[in-house]
Colleague: 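Provided herewith is a single structure, encoded as structure tokens, for subsequent inquiry.
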There are 2 protein chains.
Amino acid sequence: MDTKKIFIVDDHVLFARSLAGLVNTFPNYQVIETFNNGAELVDALSSGITEPSLILLDIKMPIMDGIATMKWLKKYHPFVKVLALSMEDDEQTILAMLRNGAKGYLLKDTQPDLLMLAMDSVIQQGYFHTELVTNVLMHSLHEKQTLEQEFALKENEITFIKLACEEKTYKEIADEMNLSPKTIDGYRQQLFDKLNIKNRTGLVIFALKNKIIEI
Amino acid sequence: MDTKKIFIVDDHVLFARSLAGLVNTFPNYQVIETFNNGAELVDALSSGITEPSLILLDIKMPIMDGIATMKWLKKYHPFVKVLALSMEDDEQTILAMLRNGAKGYLLKDTQPDLLMLAMDSVIQQGYFHTELVTNVLMHSLHEKQTLEQEFALKENEITFIKLACEEKTYKEIADEMNLSPKTIDGYRQQLFDKLNIKNRTGLVIFALKNKIIEI
DNA sequence: ATTTTACACAGGGTTTTTCCTATTTTTTTT
DNA sequence: AAAAAAAATAGGAAAAACCCTGTGTAAAAT
């Protein structure tokens, strides 16, 4: 029972093969299966194959990509450990993987010994995070003005949005901002157009996404 | 200009003093001022004292605690670097500090050499995070069911909440859930009561807080 | 077997939100 | 100072959200 069973999911056959070779040189690790995309993995798991100790999961794949695969795993195999292995180092992708339960995130140009360390760490401690990931996590706490800039919100609009995210009526907001309810309604309408939303819940989501408010 | 100027903010005089002594033994570090609480720091910075290279900030303090101090600093001195130094290791506190811009978070029983490493790291790389902090960050991505449990939401209620957070009308939600609009209105009302909210925006915020939806 | 309890649903009314289309006022530009 | 642009404001109305109370039915508890 000492040997850790590994699945590899990656559409680059060559890479998958050589990675399998590498992993097999690690003591106590054995690659049991390789799949070319998420769908193949899902099929296999659905048809009752035993969960591995760890899945090495590529992100950019045809058919069913890493994020979709993670979402499926989260739902149907929430306890299987996954180490994301990818070329992309963009924040959104990394966060999406982590949010959906990836235990670690490595770039594909990682050194073999770091990969082994990461695999050990995920299996033993449940996670492994490089500085890259830590940075992304930290940054995601702050970022702020991303799209906010794009929409060029005015001071009053931001104030309005903030208040609209509290459980206030537009009348109350008008009072608080010392403006006519009709003006507030004007703000509302302009924002709905500009942000392409249909009602106040859309406004709340927008505010959250753009860190205009915090929860 | 090689010598880094340090402020210490801590209400435990004895600790502050000995910490100052310790820091002064580090090469290129000098403690310029110590304050007994956040308010004193704010006073000093407001009256024009030069920003230090780094502030070592305690969290639990009378008068103005670490979190309040961070909020103030975030607003008026957003670029000053702060290393939180604290006894508390609870998730909420750590997150609150990070969210408000702390560059690192150390427990007070940290070894001196780790403290020095952390200080170096914050000044040079802008941050320093221990495993503790990484764990908290990761956990904060997932946690889920915290209060959700407390309110014992039923499956249908959760579905309703999810849909209500999209920009759908209650009529549309009713259709999608194959229920009468009146039933949906019943869910709405019960949830408003149970969660103590006044309108749909409250529902969205609740859903986010409790990770019923993700943004 | 009977009472509770839980759930889906209804009637009907008030308030708020949302939408569309102007007009006035203020600010900026020329 | 006149013209143009931006911001505040209005009227009016339909739609949706919100609120309260009550009924039938099926499941659960006693």
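Naming convention: chains lettered A, B, ... in sequence-line order (proteins, then strands); numbering from 1 in each chain. A quick note: this is a predicted structure, and the numbers were derived from the prediction, not measured.
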Colleague: Could you tell me whether the side chains of A/Tyr187 and A/Asn156 share a donor-acceptor contact shorter than 3.5 Å?
Modeller: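 Present: a donor and an acceptor within the cut-off.
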Colleague: Rounding to an integer number of Å, can you tell me how far B/Glu167 CD sits from D/dA16 C1'?
Modeller: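 Nearest whole value for this atom pair: 14 Å.
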Colleague: Could you list where the contact with chain A starts and ends along DNA chain C, reading 5' to 3', using a 4.0 Å heavy-atom cut-off?
Modeller: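 Taking any atom under 4.0 Å from a heavy atom of chain A, the span is C/dT17 to C/dC20.
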Colleague: Evaluate whether atom CG of A/Asn196 has more than 12 neighbouring non-hydrogen atoms of other residues, nucleotides or ligands under 6.0 angstrom away.
Modeller: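 Atom CG in A/Asn196 is not packed in, count stays at 12 or less.
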Colleague: Set out, in order, the CA-CA distance, both residues' side-chain angles and the distance that settles salt bridge (Lys or Arg N to Asp or Glu O under 4.0 Å) for B/Lys194 and B/Glu157, then state yes or no.
Modeller: CA-CA 11 Å; B/Lys194 190 151 61 176; B/Glu157 287 181 318; 3.1 Å; yes
Colleague: For this output row, return yes or no: ring centroids of A/His129 and A/Tyr127 closer than 6.0 angstrom.
Modeller: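 That pair passes the under 6.0 Å test.
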Colleague: Assess whether side-chain hydrogen bond (donor to acceptor under 3.5 Å, both in side chains) is satisfied between A/Tyr170 and A/Asp175, documenting all intermediate values.
Modeller: CA-CA 9 Å; A/Tyr170 292 135; A/Asp175 285 350; over 6 Å; no
Colleague: Under the ring-ring contact (aromatic ring centres under 6.0 Å, His included) rule, collect the residues that match up with A/Tyr76, sequence neighbours excluded.
Modeller: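 A/Tyr76 satisfies ring-ring contact (aromatic ring centres under 6.0 Å, His included) with A/Trp72 once adjacent residues are dropped.
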Colleague: For D/dA15, does OP1 or OP2 lie under 4.0 Å from any side-chain N or O of B/Tyr170?
Modeller: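 No, no such contact exists.
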Colleague: Roughly what angle, to 10°, lies between the helix axis at the start of the helix from C/dA1-D/dT30 to C/dT30-D/dA1 and the one at its end, five pairs per end?
Modeller: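 Inter-axis angle at the termini of the helix from C/dA1-D/dT30 to C/dT30-D/dA1: 50°.
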Colleague: Listing time: all N or O pairs from protein to nucleotides 19-29 of chain D that are below 3.5 Å?
Modeller:
residue, atom, partner, partner atom, Å
D/dC19, N4, B/Asp185, OD2, 2.8

Colleague: Show me the pairs that pass salt bridge (charged side-chain N to carboxylate O under 4.0 Å, His left out) and involve residues 51-72 of chain A, at least two apart or across chains.
Modeller: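 Sorted result for residues 51-72 of chain A: A/Asp58-A/Lys108.
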Colleague: Output the rounded distance in Å from NZ (B/Lys168) to P (D/dA16).
Modeller: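 The answer, rounded to whole Å, is 15 Å.
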Colleague: Would you say the side chain of A/Val82 lies within less than 4.5 Å of the side chain of A/Lys103, judging by non-hydrogen atoms?
Modeller: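 No, side chains not in contact.
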Colleague: Answer yes or no: does a side-chain N or O of A/Thr183 lie under 4.0 Å from OP1 or OP2 of D/dT9?
Modeller: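 For A/Thr183, the contact criterion (side-chain N or O under 4.0 Å from OP1 or OP2 of D/dT9) is met.
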Colleague: In whole angstroms, how far is the P atom of D/dA8 from the CG atom of A/Asp175?
Modeller: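 Roughly 16 Å, once rounded to whole Å.
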Colleague: With heavy-atom distances below 4.5 Å as the criterion, would you say the side chains of B/Cys165 and A/Thr201 are in contact?
Modeller: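 Not touching, per the 4.5 Å side-chain cut-off.
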Colleague: Report yes if some heavy atom in the side chain of A/Met61 is under 4.5 Å from a heavy atom in the side chain of A/Thr69; otherwise report no.
Modeller: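 Heavy-atom side-chain distance check passes, below 4.5 Å.
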Colleague: For A/Phe7, check ring-ring contact (aromatic ring centres under 6.0 Å, His included) against everything at least two apart and list the hits.
Modeller: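 Result, ring-ring contact (aromatic ring centres under 6.0 Å, His included) vs A/Phe7: A/Phe35.
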Colleague: Would you mind reading off the distance between A/Leu179 atom CG and D/dA10 atom C1', rounded to a whole angstrom?
Modeller: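 Those two atoms, CG and C1', are 14 Å apart.
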Colleague: What is the distance, to the nearest angstrom, from the CD1 atom on B/Ile173 to the P atom on D/dA15?
Modeller: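 Atom CD1 in B/Ile173 sits about 19 Å away from atom P in D/dA15.
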